[in-house]
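Below, each value reflects all heavy atoms present in this structure, side chains not excepted, and no hydrogens, waters or symmetry copies. Below, read A as the first sequence line, B as the second, and so on, with proteins coming before strands; counting in each chain starts at 1.
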Number of protein chains: 2
Amino acid sequence: MLSKKTKYAIKALVVLGKNADKPPMQISKIAEEERIPKKFLEQILLDLRNAGFLYSKKGAGGGYSLNKDPKDIYLVSIMRITDGPIAMVPCASLNFYHKCDECKQETSCGIRDVFIDVRDATLKILSETSIADVIARENTLIKV
Amino acid sequence: MLSKKTKYAIKALVVLGKNADKPPMQISKIAEEERIPKKFLEQILLDLRNAGFLYSKKGAGGGYSLNKDPKDIYLVSIMRITDGPIAMVPCASLNFYHKCDECKQETSCGIRDVFIDVRDATLKILSETSIADVIARENTLIKV
DNA sequence: ACAATATACTACTAATTCAATAGACTAACT
DNA sequence: AGTTAGTCTATTGAATTAGTAGTATATTGT
(Lines give C-alpha, C1' and ligand atoms only; values in the text may rest on other atoms or scores of the structure.)
Protein backbone atom coordinates (compact mmCIF):
# COMPACT_ATOMS: atom_id res chain seq x y z
CA MET A 1 0.00 0.00 0.00
CA LEU A 2 0.99 3.53 -0.75
CA SER A 3 1.48 5.53 2.43
CA LYS A 4 -0.76 8.50 3.03
CA LYS A 5 2.38 10.56 2.97
CA THR A 6 3.01 9.65 -0.64
CA LYS A 7 -0.59 10.10 -1.65
CA TYR A 8 -0.65 13.54 -0.03
CA ALA A 9 2.65 14.41 -1.72
CA ILE A 10 1.30 13.59 -5.16
CA LYS A 11 -1.95 15.45 -4.50
CA ALA A 12 -0.03 18.52 -3.38
CA LEU A 13 2.22 18.43 -6.43
CA VAL A 14 -0.80 18.10 -8.70
CA VAL A 15 -2.43 21.12 -7.10
CA LEU A 16 0.80 23.08 -7.39
CA GLY A 17 1.14 21.95 -10.98
CA LYS A 18 -2.26 23.40 -11.79
CA ASN A 19 -1.24 26.56 -9.96
CA ALA A 20 2.03 26.83 -11.87
CA ASP A 21 1.62 30.29 -13.40
CA LYS A 22 0.10 31.88 -10.32
CA PRO A 23 1.74 33.24 -7.15
CA PRO A 24 2.91 30.68 -4.56
CA MET A 25 0.25 28.76 -2.72
CA GLN A 26 0.11 28.44 1.06
CA ILE A 27 0.28 25.14 2.90
CA SER A 28 -3.00 25.93 4.61
CA LYS A 29 -4.74 26.41 1.29
CA ILE A 30 -3.42 23.16 -0.16
CA ALA A 31 -4.32 21.35 3.06
CA GLU A 32 -7.85 22.69 2.97
CA GLU A 33 -8.46 21.99 -0.71
CA GLU A 34 -7.12 18.46 -0.55
CA ARG A 35 -8.35 17.66 2.95
CA ILE A 36 -4.89 16.92 4.27
CA PRO A 37 -3.90 17.56 7.93
CA LYS A 38 -1.98 20.81 7.71
CA LYS A 39 0.93 20.02 9.98
CA PHE A 40 1.47 16.68 8.31
CA LEU A 41 1.45 18.28 4.89
CA GLU A 42 3.96 20.81 6.14
CA GLN A 43 6.50 18.05 6.73
CA ILE A 44 5.82 16.45 3.41
CA LEU A 45 6.28 19.66 1.46
CA LEU A 46 9.48 20.26 3.34
CA ASP A 47 10.80 16.88 2.20
CA LEU A 48 9.85 17.65 -1.37
CA ARG A 49 11.47 21.03 -1.11
CA ASN A 50 14.69 19.58 0.28
CA ALA A 51 14.67 17.13 -2.60
CA GLY A 52 14.55 20.07 -5.01
CA PHE A 53 11.02 19.69 -6.33
CA LEU A 54 9.57 22.73 -4.67
CA TYR A 55 10.44 26.36 -4.21
CA SER A 56 9.28 27.99 -0.99
CA LYS A 57 9.00 31.53 0.21
CA LYS A 58 8.43 32.67 3.75
CA GLY A 59 6.40 35.60 4.97
CA ALA A 60 3.34 37.38 3.68
CA GLY A 61 2.60 36.46 0.09
CA GLY A 62 4.84 33.43 0.48
CA GLY A 63 4.01 29.78 0.01
CA TYR A 64 5.02 26.92 -2.22
CA SER A 65 5.40 26.54 -5.95
CA LEU A 66 6.96 23.95 -8.22
CA ASN A 67 10.65 24.25 -8.83
CA LYS A 68 10.49 22.07 -11.94
CA ASP A 69 8.27 21.61 -14.92
CA PRO A 70 5.39 19.23 -14.04
CA LYS A 71 6.54 17.17 -17.02
CA ASP A 72 9.82 16.50 -15.25
CA ILE A 73 8.46 15.32 -11.93
CA TYR A 74 7.93 11.57 -12.13
CA LEU A 75 5.91 9.58 -9.64
CA VAL A 76 8.79 7.21 -9.04
CA SER A 77 10.95 10.04 -7.68
CA ILE A 78 8.26 11.21 -5.32
CA MET A 79 7.61 7.71 -4.06
CA ARG A 80 11.27 7.09 -3.40
CA ILE A 81 11.43 10.21 -1.27
CA THR A 82 8.29 9.60 0.73
CA ASP A 83 7.90 5.82 0.80
CA GLY A 84 11.32 4.49 -0.08
CA PRO A 85 11.55 1.32 -2.14
CA ILE A 86 9.33 0.52 -5.11
CA ALA A 87 9.98 -3.23 -5.01
CA MET A 88 7.82 -5.46 -2.84
CA VAL A 89 10.76 -7.38 -1.42
CA PRO A 90 13.93 -5.69 -0.15
CA CYS A 91 16.15 -8.05 -2.13
CA ALA A 92 14.54 -6.87 -5.38
CA SER A 93 14.98 -3.17 -4.71
CA LEU A 94 17.28 -1.11 -6.89
CA ASN A 95 17.64 1.89 -4.60
CA PHE A 96 16.95 0.37 -1.19
CA TYR A 97 18.38 -3.11 -1.51
CA HIS A 98 19.02 -5.30 1.47
CA LYS A 99 19.13 -9.03 1.99
CA CYS A 100 16.15 -10.94 3.32
CA ASP A 101 16.98 -12.20 6.83
CA GLU A 102 15.86 -15.74 6.25
CA CYS A 103 17.14 -16.16 2.70
CA LYS A 104 19.79 -18.77 2.07
CA GLN A 105 20.81 -18.20 -1.52
CA GLU A 106 19.43 -15.09 -3.05
CA THR A 107 20.75 -15.66 -6.55
CA SER A 108 18.59 -18.72 -7.04
CA CYS A 109 15.48 -17.41 -5.24
CA GLY A 110 12.40 -17.87 -7.40
CA ILE A 111 10.37 -15.42 -5.33
CA ARG A 112 12.93 -12.70 -5.85
CA ASP A 113 12.99 -13.51 -9.54
CA VAL A 114 9.23 -13.01 -9.87
CA PHE A 115 9.23 -9.85 -7.82
CA ILE A 116 11.99 -8.37 -9.92
CA ASP A 117 9.57 -8.69 -12.82
CA VAL A 118 6.82 -7.06 -10.77
CA ARG A 119 9.17 -4.27 -9.81
CA ASP A 120 10.12 -3.68 -13.45
CA ALA A 121 6.50 -3.53 -14.54
CA THR A 122 5.65 -1.08 -11.77
CA LEU A 123 8.76 0.96 -12.39
CA LYS A 124 7.97 1.27 -16.07
CA ILE A 125 4.69 2.99 -15.32
CA LEU A 126 5.86 5.11 -12.42
CA SER A 127 8.97 6.33 -14.18
CA GLU A 128 7.01 7.27 -17.28
CA THR A 129 4.20 9.07 -15.49
CA SER A 130 4.78 12.67 -14.47
CA ILE A 131 2.70 15.16 -12.53
CA ALA A 132 1.76 16.67 -15.90
CA ASP A 133 0.47 13.25 -16.98
CA VAL A 134 -1.61 12.91 -13.82
CA ILE A 135 -3.16 16.30 -14.50
CA ALA A 136 -3.79 15.33 -18.11
CA ARG A 137 -5.47 12.11 -17.00
CA GLU A 138 -7.75 14.04 -14.68
CA ASN A 139 -8.77 16.37 -17.46
CA THR A 140 -9.56 13.43 -19.69
CA LEU A 141 -11.56 11.72 -16.95
CA ILE A 142 -13.60 14.84 -16.29
CA LYS A 143 -14.50 15.29 -19.96
CA VAL A 144 -15.69 11.71 -20.45
CA MET B 1 6.21 -4.21 0.73
CA LEU B 2 5.25 -7.84 0.86
CA SER B 3 4.56 -8.93 4.43
CA LYS B 4 6.75 -11.63 5.91
CA LYS B 5 3.59 -13.64 6.22
CA THR B 6 3.17 -13.72 2.46
CA LYS B 7 6.81 -14.41 1.83
CA TYR B 8 6.74 -17.30 4.29
CA ALA B 9 3.55 -18.59 2.73
CA ILE B 10 5.09 -18.71 -0.73
CA LYS B 11 8.26 -20.31 0.59
CA ALA B 12 6.26 -22.99 2.37
CA LEU B 13 4.18 -23.72 -0.71
CA VAL B 14 7.32 -24.00 -2.82
CA VAL B 15 8.83 -26.48 -0.38
CA LEU B 16 5.61 -28.47 -0.31
CA GLY B 17 5.48 -28.32 -4.10
CA LYS B 18 8.90 -29.92 -4.29
CA ASN B 19 7.75 -32.50 -1.76
CA ALA B 20 4.59 -33.28 -3.71
CA ASP B 21 5.03 -37.02 -4.23
CA LYS B 22 6.39 -37.72 -0.75
CA PRO B 23 4.57 -38.19 2.57
CA PRO B 24 3.28 -35.06 4.31
CA MET B 25 5.85 -32.68 5.71
CA GLN B 26 5.78 -31.39 9.28
CA ILE B 27 5.55 -27.70 10.17
CA SER B 28 8.73 -27.99 12.19
CA LYS B 29 10.62 -29.34 9.23
CA ILE B 30 9.43 -26.59 6.89
CA ALA B 31 10.17 -23.99 9.54
CA GLU B 32 13.67 -25.29 10.00
CA GLU B 33 14.48 -25.59 6.32
CA GLU B 34 13.18 -22.15 5.46
CA ARG B 35 14.23 -20.44 8.69
CA ILE B 36 10.71 -19.39 9.57
CA PRO B 37 9.53 -19.05 13.21
CA LYS B 38 7.58 -22.24 13.75
CA LYS B 39 4.57 -20.86 15.59
CA PHE B 40 4.16 -18.11 13.03
CA LEU B 41 4.35 -20.58 10.18
CA GLU B 42 1.74 -22.67 11.94
CA GLN B 43 -0.80 -19.87 11.61
CA ILE B 44 0.08 -19.21 8.02
CA LEU B 45 -0.30 -22.83 7.00
CA LEU B 46 -3.63 -22.92 8.79
CA ASP B 47 -4.84 -19.98 6.72
CA LEU B 48 -3.70 -21.67 3.53
CA ARG B 49 -5.37 -24.87 4.61
CA ASN B 50 -8.64 -23.10 5.37
CA ALA B 51 -8.45 -21.53 1.95
CA GLY B 52 -8.23 -24.98 0.42
CA PHE B 53 -4.63 -24.96 -0.77
CA LEU B 54 -3.29 -27.46 1.73
CA TYR B 55 -4.20 -30.83 3.09
CA SER B 56 -3.26 -31.55 6.66
CA LYS B 57 -3.07 -34.63 8.77
CA LYS B 58 -2.70 -34.81 12.52
CA GLY B 59 -0.79 -37.29 14.61
CA ALA B 60 2.32 -39.33 14.01
CA GLY B 61 3.28 -39.39 10.35
CA GLY B 62 1.07 -36.38 9.78
CA GLY B 63 1.93 -33.00 8.39
CA TYR B 64 1.07 -30.84 5.44
CA SER B 65 0.90 -31.44 1.73
CA LEU B 66 -0.50 -29.55 -1.24
CA ASN B 67 -4.16 -30.01 -1.94
CA LYS B 68 -3.81 -28.73 -5.51
CA ASP B 69 -1.43 -29.06 -8.38
CA PRO B 70 1.43 -26.54 -7.99
CA LYS B 71 0.46 -25.34 -11.48
CA ASP B 72 -2.92 -24.25 -10.13
CA ILE B 73 -1.72 -22.22 -7.17
CA TYR B 74 -1.15 -18.65 -8.33
CA LEU B 75 0.75 -16.07 -6.35
CA VAL B 76 -2.15 -13.65 -6.56
CA SER B 77 -4.40 -16.03 -4.62
CA ILE B 78 -1.84 -16.50 -1.89
CA MET B 79 -1.24 -12.79 -1.57
CA ARG B 80 -4.91 -12.04 -1.29
CA ILE B 81 -5.20 -14.50 1.58
CA THR B 82 -2.18 -13.35 3.51
CA ASP B 83 -1.77 -9.68 2.60
CA GLY B 84 -5.13 -8.68 1.22
CA PRO B 85 -5.21 -6.15 -1.60
CA ILE B 86 -2.84 -6.15 -4.57
CA ALA B 87 -3.45 -2.53 -5.48
CA MET B 88 -1.41 0.21 -3.85
CA VAL B 89 -4.40 2.42 -3.14
CA PRO B 90 -7.65 1.10 -1.65
CA CYS B 91 -9.75 2.83 -4.29
CA ALA B 92 -7.96 0.86 -7.04
CA SER B 93 -8.47 -2.54 -5.46
CA LEU B 94 -10.67 -5.12 -7.13
CA ASN B 95 -11.17 -7.41 -4.15
CA PHE B 96 -10.65 -5.04 -1.24
CA TYR B 97 -12.04 -1.78 -2.53
CA HIS B 98 -12.82 1.10 -0.26
CA LYS B 99 -12.94 4.83 -0.74
CA CYS B 100 -10.02 7.06 0.19
CA ASP B 101 -11.04 9.19 3.18
CA GLU B 102 -9.87 12.47 1.75
CA CYS B 103 -10.96 11.91 -1.84
CA LYS B 104 -13.56 14.24 -3.27
CA GLN B 105 -14.39 12.75 -6.65
CA GLU B 106 -12.94 9.34 -7.22
CA THR B 107 -14.06 8.96 -10.81
CA SER B 108 -11.85 11.79 -11.98
CA CYS B 109 -8.87 11.05 -9.73
CA GLY B 110 -5.65 10.93 -11.76
CA ILE B 111 -3.76 9.15 -9.02
CA ARG B 112 -6.30 6.38 -8.93
CA ASP B 113 -6.17 6.17 -12.71
CA VAL B 114 -2.40 5.64 -12.68
CA PHE B 115 -2.52 3.13 -9.87
CA ILE B 116 -5.17 1.12 -11.66
CA ASP B 117 -2.58 0.69 -14.40
CA VAL B 118 0.03 -0.32 -11.85
CA ARG B 119 -2.39 -2.78 -10.33
CA ASP B 120 -3.15 -4.31 -13.72
CA ALA B 121 0.53 -4.71 -14.54
CA THR B 122 1.19 -6.35 -11.19
CA LEU B 123 -1.88 -8.49 -11.43
CA LYS B 124 -0.91 -9.77 -14.84
CA ILE B 125 2.32 -11.20 -13.48
CA LEU B 126 0.97 -12.49 -10.20
CA SER B 127 -2.04 -14.15 -11.75
CA GLU B 128 0.08 -15.86 -14.38
CA THR B 129 2.76 -17.11 -12.01
CA SER B 130 2.11 -20.33 -10.12
CA ILE B 131 4.05 -22.20 -7.48
CA ALA B 132 5.16 -24.53 -10.27
CA ASP B 133 6.55 -21.51 -12.13
CA VAL B 134 8.44 -20.33 -9.07
CA ILE B 135 10.01 -23.79 -8.73
CA ALA B 136 10.85 -23.80 -12.46
CA ARG B 137 12.47 -20.38 -12.14
CA GLU B 138 14.61 -21.61 -9.26
CA ASN B 139 15.76 -24.59 -11.27
CA THR B 140 16.70 -22.34 -14.15
CA LEU B 141 18.56 -19.96 -11.86
CA ILE B 142 20.53 -22.78 -10.28
CA LYS B 143 21.61 -24.17 -13.64
CA VAL B 144 22.87 -20.84 -14.99
C1' DA C 1 10.96 49.26 14.25
C1' DC C 2 7.11 46.36 14.57
C1' DA C 3 3.30 43.51 13.67
C1' DA C 4 1.61 40.04 10.81
C1' DT C 5 2.28 36.17 7.83
C1' DA C 6 4.20 32.00 6.48
C1' DT C 7 7.73 28.44 6.19
C1' DA C 8 11.68 25.61 8.86
C1' DC C 9 12.82 22.46 11.99
C1' DT C 10 12.71 19.21 15.90
C1' DA C 11 10.49 16.50 19.09
C1' DC C 12 6.85 13.97 20.64
C1' DT C 13 2.53 11.12 20.89
C1' DA C 14 -1.09 8.21 19.32
C1' DA C 15 -2.75 4.67 16.57
C1' DT C 16 -2.26 0.92 13.79
C1' DT C 17 -0.21 -2.96 11.82
C1' DC C 18 2.98 -6.69 11.70
C1' DA C 19 5.65 -10.35 13.66
C1' DA C 20 6.07 -13.46 16.94
C1' DT C 21 4.91 -16.18 21.15
C1' DA C 22 2.08 -18.90 24.45
C1' DG C 23 -0.81 -22.35 25.81
C1' DA C 24 -4.59 -25.29 25.95
C1' DC C 25 -7.17 -28.47 22.79
C1' DT C 26 -8.10 -32.16 19.37
C1' DA C 27 -7.02 -35.92 16.25
C1' DA C 28 -4.27 -39.87 14.78
C1' DC C 29 -1.05 -43.38 15.09
C1' DT C 30 1.64 -47.20 17.78
C1' DA D 1 -2.06 -44.85 27.32
C1' DG D 2 1.47 -42.26 25.38
C1' DT D 3 3.41 -39.73 21.81
C1' DT D 4 3.19 -37.00 17.76
C1' DA D 5 1.44 -33.32 15.20
C1' DG D 6 -2.01 -30.05 13.69
C1' DT D 7 -5.98 -26.49 15.58
C1' DC D 8 -7.40 -22.50 17.55
C1' DT D 9 -7.54 -18.21 20.24
C1' DA D 10 -5.41 -14.79 22.78
C1' DT D 11 -1.75 -11.97 23.90
C1' DT D 12 2.55 -9.45 23.64
C1' DG D 13 6.24 -6.81 21.65
C1' DA D 14 8.24 -4.17 18.06
C1' DA D 15 8.09 -1.28 14.34
C1' DT D 16 5.99 1.85 11.36
C1' DT D 17 2.82 5.34 10.16
C1' DA D 18 -0.03 9.23 10.97
C1' DG D 19 -0.65 13.14 13.13
C1' DT D 20 0.31 17.06 16.70
C1' DA D 21 2.87 20.71 19.17
C1' DG D 22 5.84 24.32 19.70
C1' DT D 23 9.63 27.20 18.83
C1' DA D 24 12.63 29.47 15.46
C1' DT D 25 13.43 32.01 11.31
C1' DA D 26 12.54 34.68 7.24
C1' DT D 27 9.71 38.12 4.60
C1' DT D 28 6.49 41.72 3.82
C1' DG D 29 3.87 45.91 4.64
C1' DT D 30 3.00 49.88 7.55
Taking 4.0 angstrom as the limit, do [X] and [Y] come out as a salt bridge?
{"X": "B:Asp117", "Y": "A:Arg137", "value": "yes"}
{"X": "B:Glu33", "Y": "B:Lys11", "value": "no"}
{"X": "B:Lys39", "Y": "B:Glu42", "value": "yes"}
{"X": "A:Lys5", "Y": "A:Asp47", "value": "yes"}
{"X": "A:Glu102", "Y": "B:Lys7", "value": "yes"}

Spacing of [X] atom [atom1] relative to [N] atom [atom2], expressed in whole Å:
{"X": "B:Asn50", "N": "D:dG6", "atom1": "CG", "atom2": "C1'", "result": "12 Å"}
{"X": "A:Gln26", "N": "D:dT27", "atom1": "CD", "atom2": "P", "result": "16 Å"}
{"X": "A:Arg49", "N": "C:dT7", "atom1": "CZ", "atom2": "C1'", "result": "9 Å"}
{"X": "B:Leu48", "N": "D:dT7", "atom1": "CG", "atom2": "P", "result": "11 Å"}
{"X": "B:Leu54", "N": "D:dA5", "atom1": "CG", "atom2": "P", "result": "17 Å"}
{"X": "B:Ile44", "N": "C:dC18", "atom1": "CD1", "atom2": "P", "result": "13 Å"}
{"X": "B:Leu45", "N": "D:dA5", "atom1": "CG", "atom2": "C1'", "result": "12 Å"}
{"X": "A:Asp47", "N": "D:dA18", "atom1": "CG", "atom2": "C1'", "result": "14 Å"}

Open item on the list: I'd like to compare against my own output: the B/S/- annotation of nucleotides 20-30 of chain C with a strict under-4.0 Å heavy-atom distance to protein.
Closed with: BBBB--BBBS-
Task: Residue B:Lys99 excluded, over 12 heavy atoms near NZ under 6.0 Å - done: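 No.
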Open item on the list: Strictly below 4.0 Å: does A:Ser56 bring a side-chain N or O up to OP1 or OP2 of C:dA6?
Closed with: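 For C:dA6, OP1/OP2 do not have a side-chain N/O of A:Ser56 under 4.0 Å.
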Task: Presence of A:Ser28 side-chain N/O under 4.0 Å of C:dA6 phosphate oxygens OP1/OP2 - done: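 Answer no for this pair, as no side-chain N or O of A:Ser28 is under 4.0 Å from OP1 or OP2.
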Open item on the list: Does B:Lys68 qualify as a cation-pi partner of B:Phe53, given the criterion of NZ or CZ under 6.0 Å from the six-membered ring centre and within 45 degrees of its axis?
Closed with: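 Yes, a cation-pi geometry.
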Open item on the list: Just to be sure I understand the rule, does B:Ile27 reach a base, reach only the sugar-phosphate, or reach nothing, if contact means heavy atoms closer than 4.0 Å?
Closed with: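 Sugar-phosphate contact only.
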Open item on the list: Quick check: on DNA chain D, is the nucleotide nearest A:Thr6 upstream (toward 5') of the one nearest A:Gly62, or the reverse? Name the residue that is more 5'.
Closed with: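 Mapping each residue to its closest nucleotide by heavy atoms, the 5'-most match is A:Thr6.
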